[in-house]
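Chain A is the first sequence line, chain B the second, and so forth, proteins listed ahead of strands; every chain is numbered from 1.
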Number of protein chains: 2
Amino acid sequence: MNLIEVFKAIGDENRIRILNLLIKEELCVCEIETVLDITQSNASRHLNKLKSAGIIISYKKAQWVYYQIDANFKDRYNLLYQFLESEISKNPQCIKDTERLCKYKNSSFTCEQLREDKSQVLEYLKG
Amino acid sequence: MNLIEVFKAIGDENRIRILNLLIKEELCVCEIETVLDITQSNASRHLNKLKSAGIIISYKKAQWVYYQIDANFKDRYNLLYQFLESEISKNPQCIKDTERLCKYKNSSFTCEQLREDKSQVLEYLKG
DNA sequence: TTATTATATGAGTATAATTGAATATAATAA
DNA sequence: TTATTATATTCAATTATACTCATATAATAA
């Protein structure tokens, strides 16, 4: 966990968007790519950068990989985390993303649904 | 002052080093380039990035341009500023830079001296 | 005025970061 | 076992960033 690496990791729109979601709750890669509407490889890459910087951690459940904010990061870089939590919620793109996340969470869709028909979920989140 | 732009601006070694100095006190470009031992154009460019991001401001005194932390930034992004102030002092490179800054400040060298013989000042700071 | 000088900027180059498409890997399901 | 699938990774292309050298600009000094 290096100061410059952490700032570099946070200083990117896609990664800020991912952090915005993970601050709310842990999510698996397929959920993140769906809510943010970005490609799978792109989501995976950005998650890896955040993980390398020590901001998030991951664990496997069945075939899915779940990501969440690293408690050590919250603890060790607490002021930064508090700042991020507070400011990220004011970012226009993050506000939209949060709405999409809530919509997804309030629906009955699951990772299995995403596998079977992702376009259906995307259509639901759009309308 | 945009969140991502601010993080991008801070996420660079030379700019972190500059911020470390400016957190201690306002400095002009020729002092920054001397203490950090970087080229003039490089210092100027990084200062401009920090200024564009809304982190620092500048004013002219005679032929010198002095930079300092923007009070609005300190105020508006207070948690981030506090975090930065606290963490930056633990960075190995910044610790060395701070020593050089103190050495420079404790000497009788001025911007005029830097003009007349910069290499002499650099030699003093090295030894 | 001209000379000097502190800083900023332009052009070119080198390096790093981001991306999509395709493929590899590791796990589950049949 | 083989087929499927979620995620990670590689490759190639693009874009962004950082750096150096040279020059422009704006101010002071003579």
Novice: Using a 3.5 Å distance criterion without hydrogens, assess whether the side chain of A:S44 forms a donor-acceptor pair with backbone atoms of A:Q40.
Specialist: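 Here the side-chain-to-backbone pair does not exist.
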
Novice: In whole angstrom, what separates A:I4's CD1 from C:dA16's P?
Specialist: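 Answer to the nearest Å: 14 Å.
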
Novice: Figure out the NZ/P separation between A:K51 and D:dT7, and round it to whole Å.
Specialist: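 About 13 Å, once rounded to whole Å.
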
Novice: Looking at every strand, decide which applies to B:C111 at a 4.0 Å heavy-atom threshold: base, sugar-phosphate, or nothing.
Specialist: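 Nothing: the residue B:C111, judged by heavy atoms under 4.0 Å, touches no strand.
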
Novice: Where do A:S86 and A:S89 come nearest, in terms of heavy atoms and distance?
Specialist: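 What the structure gives for the nearest pair is O-OG, 2.9 Å.
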
Novice: Please confirm whether the ring centroid of B:Y77 lies under 6.0 Å from the ring centroid of B:Y81.
Specialist: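 Distance test on ring centres: not under 6.0 Å, no.
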
Novice: C:dT18 C1' sits how many Å from A:L47 CG, rounded?
Specialist: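 For the pair A:L47 CG and C:dT18 C1', the rounded distance is 15 Å.
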
Novice: Kindly write out the residues that satisfy side chain to side chain donor-acceptor pair (under 3.5 Å) with B:Q63, not counting sequence neighbours, or none if the list is empty.
Specialist: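 Checked B:Q63 against side chain to side chain donor-acceptor pair (under 3.5 Å); zero matches.
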
Novice: Any pair with a residue in residues 29-43 of chain B that passes salt bridge (Lys or Arg N to Asp or Glu O under 4.0 Å), sequence neighbours left out, goes on the list, sorted by first then second residue, please.
Specialist: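 Listed by first then second residue: B:E33-B:K118.
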
Novice: Applying side chain to side chain donor-acceptor pair (under 3.5 Å), can you list everything that pairs with B:K51, at least two apart in sequence or on another chain?
Specialist: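 With neighbours one apart ignored, the set is B:S58.
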
Novice: Treating Ile, Leu, Val, Met, Phe, Trp and Tyr as nodes and any side-chain heavy-atom pair under 4.5 angstrom as an edge, say whether A:L122 and A:Y104 lie in one connected cluster.
Specialist: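 No, A:L122 and A:Y104 fall in different hydrophobic clusters.
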
Novice: Is the distance from OP1 or OP2 of C:dA8 to the nearest side-chain N or O of B:Y67 less than 4.0 Å?
Specialist: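 Affirmative; the distance criterion is met.
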
Novice: Please classify the nucleic acid contact of A:Y66 as base, sugar-phosphate, or nothing, using heavy-atom distances under 4.0 Å.
Specialist: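 A:Y66: no heavy atom of the nucleic acid under 4.0 Å.
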
Novice: Output all residues satisfying ring-ring contact (aromatic ring centres under 6.0 Å, His included) with A:F109, sequence neighbours left out; order by chain, then residue number.
Specialist: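 With sequence neighbours excluded, A:F109 shows a ring-ring contact (aromatic ring centres under 6.0 Å, His included) to A:Y124, given in chain and number order.
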
Novice: Any residue in residues 29-37 of chain A with a heavy atom nearer than 4.0 angstrom to DNA chain D? Just list them by number, or reply none.
Specialist: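 Listed by number, they are A:V29, A:C30.
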
Novice: Rounded to whole Å, how long is the line connecting atom CZ of B:F7 with atom P of C:dA17?
Specialist: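 Spelled out: CZ on B:F7 to P on C:dA17 is 18 Å.
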
Novice: For B:N2, give me all partners under side chain to side chain donor-acceptor pair (under 3.5 Å), at least two apart in sequence or on another chain.
Specialist: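 For B:N2 there are no side chain to side chain donor-acceptor pair (under 3.5 Å) partners, ignoring immediate neighbours.
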
Novice: In which stems does DNA chain C show up, taking only runs of three or more Watson-Crick or G-U wobble pairs whose two distances fall under 3.5 Å?
Specialist: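 If one scans DNA chain C for consecutive Watson-Crick or G-U pairs, the stems found are C:1-30 with D:1-30.
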
Novice: Applying side-chain contact (heavy atoms from CB on, under 4.5 Å), can you list everything that pairs with B:E116, at least two apart in sequence or on another chain?
Specialist: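 By the side-chain contact (heavy atoms from CB on, under 4.5 Å) rule, B:E116 matches no residue at all.
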
Novice: List for me each residue that meets side chain to side chain donor-acceptor pair (under 3.5 Å) alongside A:E5, sequence neighbours excluded, and say none if there are none.
Specialist: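 Side chain to side chain donor-acceptor pair (under 3.5 Å) check on A:E5 returns nothing, list empty.
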
Novice: Rounding to a whole Å, what distance do you find between A:E13:CD and C:dT18:P?
Specialist: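 To the nearest whole Å, that distance equals 12 Å.
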
Novice: One character per nucleotide, please: for nucleotides 17-24 of chain D, 5' to 3', B when the base has a protein heavy atom closer than 4.0 Å, S when only the sugar-phosphate does, - otherwise.
Specialist: SSSBBB--

Novice: Using atom CD1 of A:I18 as one end and atom C1' of D:dT7 as the other, report the distance to the nearest whole Å.
Specialist: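 Going from CD1 in A:I18 over to C1' in D:dT7 covers 14 Å.
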
Novice: Can you tell me which residue pairs pass the salt bridge (Lys or Arg N to Asp or Glu O under 4.0 Å) test with a partner in residues 89-109 of chain A, sequence neighbours excluded?
Specialist: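 Sorted pair list: A:R17-A:D97, A:E25-A:K105, A:E87-A:K90.
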
Novice: A:I38 has an atom CD1; how far is it from atom P of C:dT19, in whole Å?
Specialist: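 These atoms are roughly 8 Å apart.
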
Novice: So which heavy atom on A:C94 is nearest to which on A:I16, and how close?
Specialist: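 Residues A:C94 and A:I16, closest heavy atoms: SG-CG2, 3.7 Å.
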
Novice: Generate the contact string for nucleotides 25-30 of chain C. Rules: B means base contact, S means sugar-phosphate contact only, - means no protein heavy atom under 4.0 Å.
Specialist: -SSS--

